[in-house]
Visitor: 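To start, I am sharing the structure in question, which I have written as structure tokens.
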Amino acid sequence: MQYHGALHKMSTQYGSTVRYTLKVGGDLLLMNALIGREFSATFLGEHICFCGQLVPEVYRQNFCRECFFTKPEASPTIMKPELSKAHLGIAERDLEFEQRLQLQPHFVYLAKTSRIKVGVTRGTQRPYRWMDQGAAEAAVLLEVPNRYLAGEAEVALKDYFTDKTSWQAMLRNDPCDESLENAWHHALEVLPQSLKQYVVDGPEVWSMNYPIAEQLLKIKSLSFKEKGDTFSGKLLGIRGQYLMLENGVFNVRAHHGHRVDLEIR
Ligand SMILES: [Zn+2]
């Protein structure tokens, strides 16, 4: 089977095993059924930016340079919620967009991979955010009415929990000795008083199981930089946004918009 077109971030469905769908051009591939098959992909040297334009180069986070510096979707508050100002009526790039995004319920959560991390997500993005990160377990700690408060809570909890995930440790499935329930109760104790009114009942722990036929021991990153770059190998599993192939891992989200030829045998 051959496919041709721009790669999209994989979409996920929550269930006893996470189900992945990959969009390549106009085709949707149900990835769980393709584990064990031989994949080969070649980069065509073109990239479709978020703005819909075909661009020769990605600047950062899959945006072209112009989009990265002008579009509200690429603004610094996306990465740093504590910088949010829409609740004060102050525009960063586009107040209407920012009000729509920021003035809605957000969750502050703890997620477990090889460590326990703190993170922020919009109400509508749970549990997709956790599956995208490849978390084994996650639990919401706070539900707050806007993005700014979520950022404030995250900053306070970063003194006690990391806000990063090690993708290598996640893909190796390094064990984590800490209990998410204990971490949740600990987070409640150290949370600033002003935020305690937003604590949810719980902890309600979500577990994520990923479709992995064979665990990788060594993690080598496969990526597309120049036209003609290629990789091939048997697909052993999927976790987070990573395709785990017998000879390396490929981060689909990091290649969102890259135009490829894909062959599956
Ligand atoms: Zn663009």
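Atoms within each ligand, like the ligands themselves, are counted from 1 in listed order. For the single chain, residues carry numbers from 1 onward in sequence order. The basis for the numbers below is simple: all heavy atoms, side chains too, and nothing from hydrogens, waters or symmetry mates.
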Visitor: Listing request: all side chain to side chain donor-acceptor pair (under 3.5 Å) pairs with a residue in residues 197-211, at least two apart in sequence or in separate chains.
Guide: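 Residue pairs with at least one partner in residues 197-211: there are none.
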Visitor: Once rounded to the nearest 0.5 Å, what's the spacing between atom NE2 of His8 and atom CG of Asn62?
Guide: 11.5 Å
Visitor: For the Zn ion (ligand 1), which protein N/O/S atoms fall under 2.8 Å? Skip waters.
Guide: Cys49 SG, Cys51 SG, Cys64 SG, Cys67 SG
Visitor: Roughly how far apart are Ser84 OG and Ile90 CD1, rounded to 0.5 Å?
Guide: 11.5 Å
Visitor: Pairs in or reaching into residues 131-146: which pass side chain to side chain donor-acceptor pair (under 3.5 Å), with residues at least two apart or in two chains?
Guide: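 Of all non-adjacent pairs touching residues 131-146, those that pass side chain to side chain donor-acceptor pair (under 3.5 Å) are Lys9-Asp132, Tyr109-Gln133, Asp132-Gln241.
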Visitor: Taking side chain to side chain donor-acceptor pair (under 3.5 Å) as the definition, give me every residue that meets it alongside Asp261, ordered by chain and number, with sequence neighbours left out.
Guide: His4
Visitor: Supply the atom-to-atom distance Phe50 CZ to Cys67 SG, rounded to the nearest 0.5 angstrom.
Guide: 6.5 Å
